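Below: the structure, in structure tokens.
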There are 2 protein chains.
Amino acid sequence: MSPNDDQSHSATTIFDVARLAGVSHQTVSRVLNDLPNVRASTRERVEQAIRQLHYVPSQAARALVTRRSRTIGLVATGLPDFGPSSIVLSFNRSARAAGYAVITSNPADIEGATLRSASEVLIRQSVEAIVLLAAERGVLDAFDGWELGVPLIAVASEPRGRGVRVSLDQYGGARRAVGHLQELGHRDILHIAGPAGSMDAEERLRGWHDALSDGGMPVTEPLRGDWSSGSGHRIGRQLLAERVPEAVFVGNDQMALGFLHATQEAGLRVPDDISVVGFDDVPESAHFSPPLTTVRQDFTAVGQELMSAVLSQLRDEDSPVMSAMRIPELVVRASTRRR
Amino acid sequence: MSPNDDQSHSATTIFDVARLAGVSHQTVSRVLNDLPNVRASTRERVEQAIRQLHYVPSQAARALVTRRSRTIGLVATGLPDFGPSSIVLSFNRSARAAGYAVITSNPADIEGATLRSASEVLIRQSVEAIVLLAAERGVLDAFDGWELGVPLIAVASEPRGRGVRVSLDQYGGARRAVGHLQELGHRDILHIAGPAGSMDAEERLRGWHDALSDGGMPVTEPLRGDWSSGSGHRIGRQLLAERVPEAVFVGNDQMALGFLHATQEAGLRVPDDISVVGFDDVPESAHFSPPLTTVRQDFTAVGQELMSAVLSQLRDEDSPVMSAMRIPELVVRASTRRR
DNA sequence: CAAAGTCGACCGCCCTAATTC
DNA sequence: AGAATTAGGGCGGTCGACTTT
């Protein structure tokens with residue numbers, strides 16, 4: 001508002017405000033924290049002084065005395081892929097909306113030691129909770145027997161390890177994908193899975209497997225990719241050199257893209273010669289060649305649920321340990337057709 | 001190490017450590033901060049005590065007295081797209097390597113007020129610097145005449161506004177892309193640009209424009225997308241309904257994907273009927289149909305340079321205001337061919 | 001006179017208790 | 001007597017000055 005009245009404002013304290021407003025520092029504290037017993041006129045004078053001095057309360061001082069940093073730590077792997085990035089984005093926004101700042105750590109790998117040291121840095125920043133976004137099976141084991149001192153909330157699709165878990169129903173999503181293929185009359189349905197050890201990969205694999213065996217269809221060994229389009233391409237090449245399945249359920253959209261690439265190189269047409277279903281529904285999948293039938297994951301919801309899990313955990317320690325998982329929807333486009 | 005010796009460790013203080021080690025709290029502080037004048041044997045005893053108590057120094061208390069939070073704030077827009085996500089990832093890692101934690105804020109829009117309030121939240125967390133990742137022209141204006149109190153470092157490809165700027169040479173990259181097309185003998189080269197107002201979009205547009213006029217070629221009005229593959233698709237549809245240009249330089253890979261989709265719908269073949277060049281080199285572009293010729297941006301380098309700009313700014317206030325911008329490389333794949 | 005340690009003030013804020021109106 | 005306000009003691013560190021080998 002008014003110009004020329006800032007004095008290197010990192011040095012302005014609650015006492016300066018008090019002096020200017022003609023009250024005690026404690027009264028200023030009261031208005032700062034919306035506590036009662038402050039006359040409206042006094043409050044107004046104080047607020048006026050705050051504005052005039054560009055006063056910003058010191059979070060450090062406040063954290064020191066309240067023992068609440070209003071900060072939560074996020075350990076995230078898998079970036080810059082679309083899914084993880086989307087979850088991080090949504091989580092950051094939800095946290096901010098709840099009045100929390102989030103400190104992010106992106107460890108270089110998912111070794112127990114690396115994860116632990118990333119968390120230690122966060123603990124040192126006195127975060128009030130730690131959120132773990134690392135889809136690998138066993139990452140939670142790294143936290144076993146380690147008294148963090150703060151709640152741990154993880155994105156995990158398997159019911160295992162300590163901490164609170166949040167996820168979407170990968171198994172259910174996979175069943176929908178394969179079910180779609182089955183409804184179209186396909187029986188010979190292969191699966192290009194994500195890396196062994198990824199909880200999501202394993203759950204999708206399980207969904208595919210169960211859908212086939214429940215339908216009395218032959219279950220073959222799944223092929224293993226690493227989520228990258230390159231791996232989808234490579235696997236597709238090898239596979240198609242041997243035989244052409246009726247349909248393929250690919251573990252994510254990137255690998256599906258690589259697989260589509262391989263089909264073209266092999267002179268095959270999708271969906272005429274072979275049906276393909278992906279997983280994730282990244283924004284680009286609508287423009288793949290052909291537009292990809294896939295399973296939509298609501299990453300935004302995951303971020304929001306993470307934050308609400310954090311909040312309920314902060315509120316009382318024994319809130320539910322795993323929230324209900326929504327089943328992702330199938331998005332039918334042009335990469336699948338009736339046999 | 002040893003079991004059963006943790007006492008709700010958020011309450012452990014430097015005094016507890018001192019007592020256990022049989023020294024004064026000051027001596028503990030010395031070993032904590034690697035200061036001299038501590039006998040090796042004493043140091044060892046203190047470290048032993050620290051381990052035994054699971055002692056973690058309170059960042060809040062330290063920040064309060066040193067006035068250094070060891071935290072830096074990041075205001076990032078554009079997520080979850082690949083480029084911005086990659087920069088954020090790289091920046092986080094570089095910051096961590098330098099001993100800084102980073103608090104991220106992802107504003108919902110790029111209005112001045114929104115940006116400003118996001119920064120205020122960061123200031124309140126007493127960050128030591130603010131990094132702004134918002135490609136829009138004019139976002140820096142929102143900070144004009146506002147005494148932040150901490151250095152401001154921005155990713156910006158245009159030399160404008162306050163603060164330190166870091167970027168890759170968008171203009172140079174665009175010239176390389178268009179130069180490639182020209183070398184292949186194309187003269188009728190259209191441009192599908194990113195949204196008006198995006199600094200990167202404007203710089204790439206300028207590069208395209210200058211390449212054409214320097215080559216004595218006709219410059220038409222650029223088409224405007226919004227970076228999404230959907231917009232590339234829509235624009236492609238409209239364009240191709242009217243006429244088929246020899247070549248198109250598309251502002252990013254996503255829009256290029258959408259455009260490729262449109263060419264297929266129009267029954268055109270790339271690169272036989274029309275050459276296409278993208279920008280970014282997202283990992284998927286190698287598997288587009290056809291594999292995309294594009295310009296590779298080294299996002300990791302941007303993240304690293306951001307952090308080193310922060311450090312030099314923290315070290316002394318008048319370090320260079322804009323670092324040298326590298327020119328992104330051209331990656332030739334299968335979407336372009338000689339006329 | 002070094003090196004190794006100890007003491008005590010202070011960073012900016014919140015909380016409880018005491019005081020004033 | 002009760003509402004409004006003030007005084008003072010930490011929170012957990014760092015740093016300078018001072019004391020002990």
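Numbers restart at 1 for each chain; the letters A, B, ... are given by sequence-line order, proteins then strands. Only this structure's heavy atoms are used, side chains among them; waters, hydrogens and symmetry mates stay out. Owing to the predicted nature of the structure, the values given are computational and were not obtained by experimental measurement.
The B:Ser24 side chain lies nearest to C:dT6 when the options are C:dT6, C:dG12, D:dT14. Closest contact between the side chain of A:Val65 and the listed nucleotides C:dG5, C:dC14, D:dG12 involves C:dC14. Between C:dC14, C:dG12, C:dA4, one nucleotide has an atom nearer to the side chain of A:Thr13 than all others, and that is C:dG12.
In this structure, A:Thr27 reaches the bases: a heavy-atom distance under 4.0 Å links it to at least one base atom across the strands shown. Heavy atoms of B:Val38 sit under 4.0 angstrom from primed sugar atoms or phosphate atoms, though from no base atom.
The residue among B:Leu64 and B:Pro36 whose nearest nucleotide of DNA chain C lies closer to the 5′ end is B:Pro36. Checking B:Thr42 against A:Thr66, the closest nucleotide of DNA chain C that is more toward the 5' end is the one next to B:Thr42.
Donor-acceptor pairing under 3.5 Å, judged by distance alone, is present between the side chain of A:Gln26 and the base of C:dC15. Side-chain atoms of B:His25 and base atoms of C:dG8 include a donor and an acceptor less than 3.5 Å apart. For a distance-only test at 3.5 Å, the side chain of B:Gln59 fails to qualify as a donor-acceptor partner of the base of D:dG12.
Between the CD1 atom of A:Ile14 and the C1' atom of D:dT6 there is a distance of 13 Å, rounded to whole Å. With rounding to whole Å, B:Arg68 atom CZ is found 15 Å from D:dG13 atom C1'. Protein atom CG of A:Leu32 is 9 Å distant from nucleotide atom C1' of C:dC13, rounded to whole Å. Computed from coordinates, the A:Leu35 CG to D:dT6 P distance equals 15 Å when rounded to whole Å. Distance B:Asn37 CG to C:dA3 P: 7 Å, rounded to the nearest Å. Across the protein-nucleic acid pair, B:Phe15 atom CZ and D:dT14 atom C1' stand 11 Å apart, rounded to whole Å. Spacing between atom CZ of B:Arg67 and atom P of C:dC10 amounts to 14 Å, rounded to whole angstrom units. Rounded to a whole Å, the CZ atom of B:Arg30 is 11 Å from the P atom of D:dT14.
Remark: A:Ile153 CD1 to A:Ile72 CD1 distance equals 6.5 Å, nearest 0.5 Å. A:Thr300 OG1 to A:Glu305 CD: the interatomic distance, rounded to the nearest 0.5 Å, is 11.5 Å.
Checking each of A:Arg67, A:Arg315, A:Arg68, A:Arg70 against A:Glu128 for a salt bridge (charged side-chain N to carboxylate O under 4.0 Å, His left out) leaves exactly one that passes, namely A:Arg68.
Contact check, A:Arg39 against D:dA4: no side-chain N or O comes under 4.0 Å of OP1 or OP2.
Side-chain atoms of B:Asp200 and B:Ser157 include a donor-acceptor pair closer than 3.5 Å.
Put simply, the side chain of A:Thr12 never gets that close to the backbone of A:Val17: no donor and acceptor are under 3.5 Å apart.
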